Amino acid sequence: MSVRLAGLLLLVWSAWGQGVALAHEVRPGLLQLTQVEPTRFDVLWKIPARGDRVLALRPVFSEHCRPVSTPLVRLANAAQVSRWAIDCDTGLLQGAEIRIEGLDATMVDVLVRINWSSGTVMSEILRPSDTSFRIGSGTAPTWGYLTLGVEHILFGIDHLLFVLGLVLLVPDMWQLVKTITAFTVAHSITLGLSTLGFMYVPQAPVEAVIALSIVFVASELARQNNAQLDVMARYPWIVAFIFGLLHGFGFAGALAEVGLPQTDIPLALLFFNIGVEIGQLGFVATVLGAAWMFHRVVGPAPLWVPRLAAYCIGSVSSFWVIERMVALFPSK
């Protein structure tokens, strides 16, 4: 156990530095254009927000498009939603460029969707490294959903800390496989049920309880290092399954934030979940590889390392609990 902790201490401290600022901040935006007349489009622009803080992003359309209504702006579900209408020459719109100004300075992806009156749907995912595309060149973003899943788990430091806690708590490889599998099955269940509309849990309380689940794992890690056999040591896969159900609602919230229409949800769900699993397994493999390398190069870790790792994880997650509980009851 101490071998893994020694090899991953750097990851824990990295989570401390990045997690406070970035936990669940890497959320997708949505730009949707719906053709309502030959030259008129309704625009829906949705970007992540935390409280009153909104990312400085702006869609830029072709010079042949002009706004014909004042944007209606509101804050809802940790996002700023704007609606307005534009008028374009549809002949010139085909092949025109859509660009997201300011995207290259963020870690956010933006799903661009154009619903033509003919029923044709055109989609593309823009990223900080690729902030524009030409209308007519987009494709159904199947692989984009997979990428969103990978990015969500790899940049969702709170989910990674929970998985890291599982890896550190379970010394036996077979037990670890069962524990990670139980977590995967559980969050896949609630991700599917929530995304398909069979269950609904408000996202803000879910985020707070997810942070609390990491506090629990950290406390179990600290108690285990005191040679106390607690519930996590006896039944790690059961605990992982229970908390996995909760984390699945968190994943579903990230997928729902792009505002996908019902026809795209099954495809998005499948590939987003595959992406989450790829990211999760890649992280576990990195953790175990780093521990193995540390053991080969340095040898056994000092006895104080497990306790330090537990307190680092617990301190970060406790901060998230307080931060997210405060967000549930904003001051007027």
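Everything quoted here is computed from the prediction, not taken from an experiment.
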Query raised in the report: Step by step, would you call Asp42 with Thr34 a side chain to side chain donor-acceptor pair (under 3.5 Å)?
Result: CA-CA 5 Å; Asp42 286 341; Thr34 302; over 6 Å; no
Report task. Dump the intermediate steps for side-chain contact (heavy atoms from CB on, under 4.5 Å) on Leu33 and Ile86, then the final yes or no. Result -> CA-CA 9 Å; Leu33 282 71; Ile86 59 175; 4.0 Å; yes
Requested in this report: Step by step, work out the side-chain contact (heavy atoms from CB on, under 4.5 Å) result for Phe41 and Trp116.
Outcome: CA-CA 9 Å; Phe41 292 80; Trp116 300 96; 3.6 Å; yes
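Side-chain contact check for Leu30 versus Leu111: some heavy-atom pair is nearer than 4.5 Å. For the pair Val167/Leu176, a side-chain contact is recorded, criterion being any heavy-atom separation below 4.5 Å from C-beta on. Here the side chains of Ile100 and Trp45 are in contact, with some heavy-atom distance below 4.5 Å. Two residues are said to be in side-chain contact when any heavy atoms from C-beta on lie closer than 4.5 Å; Ile98 and Ile114 meet this criterion. Considering only heavy atoms from C-beta on, Trp84 stays 4.5 Å or farther from Thr70 through its side chain. Contact annotation: the side chain of Gln280 approaches that of Ile180 to within less than 4.5 Å [non-hydrogen atoms, C-beta and beyond]. In this structure, the side chains of Met173 and Leu288 come closer than 4.5 Å at one or more pairs of heavy atoms. Side-chain contact between Trp320 and Asp158 is present, with at least one heavy-atom pair separated by less than 4.5 Å.
A donor-acceptor contact shorter than 3.5 Å is absent between the side chain of Ser132 and the backbone of Arg99. Checked by atom type and distance alone, the side chain of Ser317 pairs as donor or acceptor with a backbone atom of Gly314 at under 3.5 Å.
Under 3.5 Å, the side chains of Ser188 and Asn273 contain a donor-acceptor pair of N or O atoms.
Hydrophobic clustering (side-chain heavy atoms under 4.5 Å, transitive across Ile, Leu, Val, Met, Phe, Trp, Tyr) groups Met199 together with Val276. A chain of hydrophobic side-chain contacts below 4.5 Å, direct or via other Ile, Leu, Val, Met, Phe, Trp or Tyr residues, connects Phe198 to Phe251. Under the 4.5 Å side-chain contact rule for hydrophobic residues, Val43 and Val54 share a cluster.
Within the structure, no pair that satisfies the salt bridge (Lys or Arg N to Asp or Glu O under 4.0 Å) test touches residues 62-76, not counting sequence neighbours.
Residue Ile313 comes nearest to Ala218 through the heavy atom pair CG2-CB, 4.0 Å, listed as atom of the first residue, atom of the second, then distance. Between Ala85 and Arg40, the closest heavy-atom pair is CB-NH2, 3.6 Å.
Contacts of Ser117 classified as side-chain hydrogen bond (donor to acceptor under 3.5 Å, both in side chains), with partners at least two apart in sequence or in another chain: Gln35. A search for ring-ring contact (aromatic ring centres under 6.0 Å, His included) contacts involving Phe243 returns Phe162, Phe216, not counting sequence neighbours.
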